[in-house]
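First the structure, in the form of structure tokens, and then the observations on it.
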2 protein chains.
Amino acid sequence: MAHITTGVEYGLHCLFYLVGPLEGKQSASARDLAELQGVPVEYVAKLFTKLKKAGLVLASEGVGGGFRLARPAESITVLEVVEAIEGKKPLFDCQEIRGRCAVFNGRPPTWATRGTCSIHAVMLEAEAQMRKVLASYSLADIANSLTCKAPANYSREVAKWLNG
Amino acid sequence: MAHITTGVEYGLHCLFYLVGPLEGKQSASARDLAELQGVPVEYVAKLFTKLKKAGLVLASEGVGGGFRLARPAESITVLEVVEAIEGKKPLFDCQEIRGRCAVFNGRPPTWATRGTCSIHAVMLEAEAQMRKVLASYSLADIANSLTCKAPANYSREVAKWLNG
DNA sequence: GGAAATCTACTCGGATACCGCGTGTCCGAGTTATGGTGG
DNA sequence: CCACCATAACTCGGACACGCGGTATCCGAGTAGATTTCC
């Protein structure tokens, strides 16, 4: 199991279809987004409730309802999507082993537990660099690199599928 | 569960006690290292078999045997320890969802699957930055910052505990 | 014909099952030093 | 005194149980638009 989960992957792929004018439709339902990509429908619906709680998408209920981006795609970073879906789970959680040394007899001195653990500090720095990369890309960035590869009629084909 | 596991934490803490001359002893057994820090003995033994396979430590069998570093601590990076213990597990594993789009009817065109997925590319860059940090620290670096905090007689106390 | 009731399709939220993997434990096999025994 | 054997402590490797969390599914409740019914 990877640290960045399949749920994030599903969520990101679905969000890309919400970038842009959607060819007449202003929102797409979770079912359509899921079936369009061959991923579990109910699971995607669950992901979108998290995205809504995080304020990244807006939901419209009832028939013809669905989701649309709450903000312009340029202002939504990949990091926000990751944290919305899987929460702020740390890359490494320190067990504070340094204070368990047997010579302390269960009473670690203050010098042993002061500040952050040296190992933990390295991991925190690694995590910060990782998140920095994720925060440097927006939904619009990735959507652009996707539509650059696709032929011009692809978005029309997708819109036709969504309406049909 | 974090991406960098508890096993790595145990392994690193144990390895730090193998940095330096060990005050007369030239190796320490897995049992001593584990009990010194109050962590599961058998589990640490398992970790050290992985460290040995990776060529980071040398084992001497029989009574009074144990482990010692296979190379100078300055040349062993944190990244090597992480990969030795938990293997090269990716930060993110791409499911190639881009090729599943329903409008392809199960036959994705070549433009859709050429090169690396745009999402995957971002994740790979994030992973590379993370690993870059882990590779920039050696066992000696962290061991130094630990012994800087400890008083002078701490290493003697540890040596006494290991021998007694 | 218009208003109200019904129906349908959707979102929302919780409950639950499944399963892979990290964690931890146990056991047997092989190895080496130590201590004891017999020639 | 020396060679041989038994014992103890260790490493090695595999097998296995447990629990957590990600993945996936199902179901009931609530809502909004479409359809039908009734006056």
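Sequence lines set the chain letters: A, B, ... in the order given, protein chains first and strands last, and positions in each chain run from 1.
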Practice problem: Flag yes if more than 12 heavy atoms outside B:Arg31 fall under 6.0 Å of its CZ atom; otherwise flag no. | Solution: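 No, the 6.0 Å shell around CZ holds no more than 12 heavy atoms from other groups.
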Exercise. Answer yes or no: does atom NZ of A:Lys132 have more than 12 heavy-atom neighbours from other residues, nucleotides or ligands under 6.0 Å?
Key: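 Atom NZ in A:Lys132 is not packed in, count stays at 12 or less.
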Under 3.5 Å, which donor-acceptor pairs do the side chains of residues 84-94 of chain B form with other protein atoms, sequence neighbours left out?
unit_1	atom_1	unit_2	atom_2	d
B:Glu86	OE1	B:Thr5	N	3.3
B:Glu86	OE1	B:Thr5	OG1	3.1
B:Lys89	NZ	B:His3	O	3.1

Do any side-chain atoms of residues 72-83 of chain A form donor-acceptor pairs under 3.5 angstrom with protein atoms, and if so which ones, sequence neighbours left out?
unit_1	atom_1	unit_2	atom_2	d
A:Ser75	OG	A:Arg71	NE	3.4
A:Ser75	OG	A:Pro72	O	2.9
A:Thr77	OG1	A:Glu80	N	3.2
A:Glu80	OE1	A:Arg71	NH2	3.0
A:Glu80	OE1	A:Thr77	N	3.0
A:Glu80	OE2	A:Arg71	NH2	3.0
A:Glu83	OE2	A:Arg131	NH1	3.2
A:Glu83	OE2	A:Arg131	NH2	2.5

Self-check item: Where at least one partner belongs to residues 97-116 of chain B, residue pairs that pass ring pair (Phe, Tyr, Trp, His ring centres under 6.0 Å), sequence neighbours excluded
Solution: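 Non-adjacent pairs meeting ring pair (Phe, Tyr, Trp, His ring centres under 6.0 Å): A:Tyr154-B:Phe104, A:Tyr154-B:Trp111, B:Phe104-B:Trp111.
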Exercise. Residues of residues 2-16 of chain A with any non-hydrogen atom less than 4.0 angstrom from an atom of DNA chain C: list those, numerically ordered, please.
Key: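 Result for residues 2-16 of chain A: none.
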Quiz item: Whole-Å distance between C:dT11 C1' and A:Leu33 CG?
Solution: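 It works out to 13 Å between those atoms.
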Quiz item: Looking at DNA chain D, which of residues 85-102 of chain B put a heavy atom within less than 4.0 Å of it?
Solution: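 None, since no heavy atom is under 4.0 Å.
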Self-check item: Sorted by number, the residues of residues 46-58 of chain A with heavy-atom contact under 4.0 Å to DNA chain D
Solution: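 Residues of residues 46-58 of chain A under 4.0 Å from DNA chain D: A:Lys46.
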Quiz item: Got a sec, which residues hit side chain to side chain contact (heavy atoms under 4.5 Å, CB included) with A:Ala128, two or more places apart in sequence or on another chain?
Solution: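 Per chain and number, A:Ala128 pairs via side chain to side chain contact (heavy atoms under 4.5 Å, CB included) with no residue.
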Exercise. For residues 43-56 of chain A, pull every pair meeting side chain to side chain donor-acceptor pair (under 3.5 Å), keeping only residues two or more places apart or in separate chains.
Key: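 Residue pairs passing side chain to side chain donor-acceptor pair (under 3.5 Å), neighbours aside: none found.
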Self-check item: Positional range of nucleotides in DNA chain D within the contact set of chain A, heavy-atom, under 4.0 Å
Solution: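 In short, chain A contacts DNA chain D from D:dG22 to D:dA32.
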Self-check item: Test salt bridge (Lys or Arg N to Asp or Glu O under 4.0 Å) applied to B:Glu42 - qualifying residues, sequence neighbours left out
Solution: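 Result, salt bridge (Lys or Arg N to Asp or Glu O under 4.0 Å) vs B:Glu42: none returned.
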Self-check item: B:Asp141 (side chain) donor-acceptor with B:Ser138 (main chain) under 3.5 angstrom
Solution: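 Checked: pair present.
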Under 3.5 Å donor-acceptor pairs involving side-chain atoms of residues 113-125 of chain A, not counting sequence neighbours:
unit_1	atom_1	unit_2	atom_2	d
A:Ser118	OG	B:Ser145	OG	3.2
A:Glu125	OE1	B:Tyr137	OH	2.6

Self-check item: Point-to-point distance, once rounded to the nearest 0.5 Å, from NZ of A:Lys160 to CG of A:Leu162
Solution: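 Reported value, rounded in 0.5 Å steps: 12.0 Å.
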Exercise. Provide the closest heavy-atom pair for B:Arg100 versus A:Gly38 in the form atom of the first, atom of the second, distance.
Key: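 Scanning both residues, the minimum pair turns out to be NH1-O, 3.2 Å.
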Nucleotide N/O to protein N/O under 3.5 Å, stretch nucleotides 6-10 of chain C:
unit_1	atom_1	unit_2	atom_2	d
C:dC10	OP2	A:Arg31	NH1	3.2

Practice problem: Using the side-chain contact (heavy atoms from CB on, under 4.5 Å) rule, take A:Cys101 and B:Tyr17 through it: C-alpha gap first, then chi angles, then the decisive distance, then the call. | Solution: CA-CA 11 Å; A:Cys101 182; B:Tyr17 285 102; 3.7 Å; yes
Quiz item: Is there side-chain contact between B:Leu12 and B:Leu139, with at least one heavy-atom pair below 4.5 Å?
Solution: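 B:Leu12 vs B:Leu139: side chains touch.
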Quiz prompt | Same cluster (ILVMFWY, side-chain, under 4.5 Å), B:Val103 and B:Ile97 | solution =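 Yes; tracing contacts between hydrophobic side chains, which count when under 4.5 Å, links both residues.
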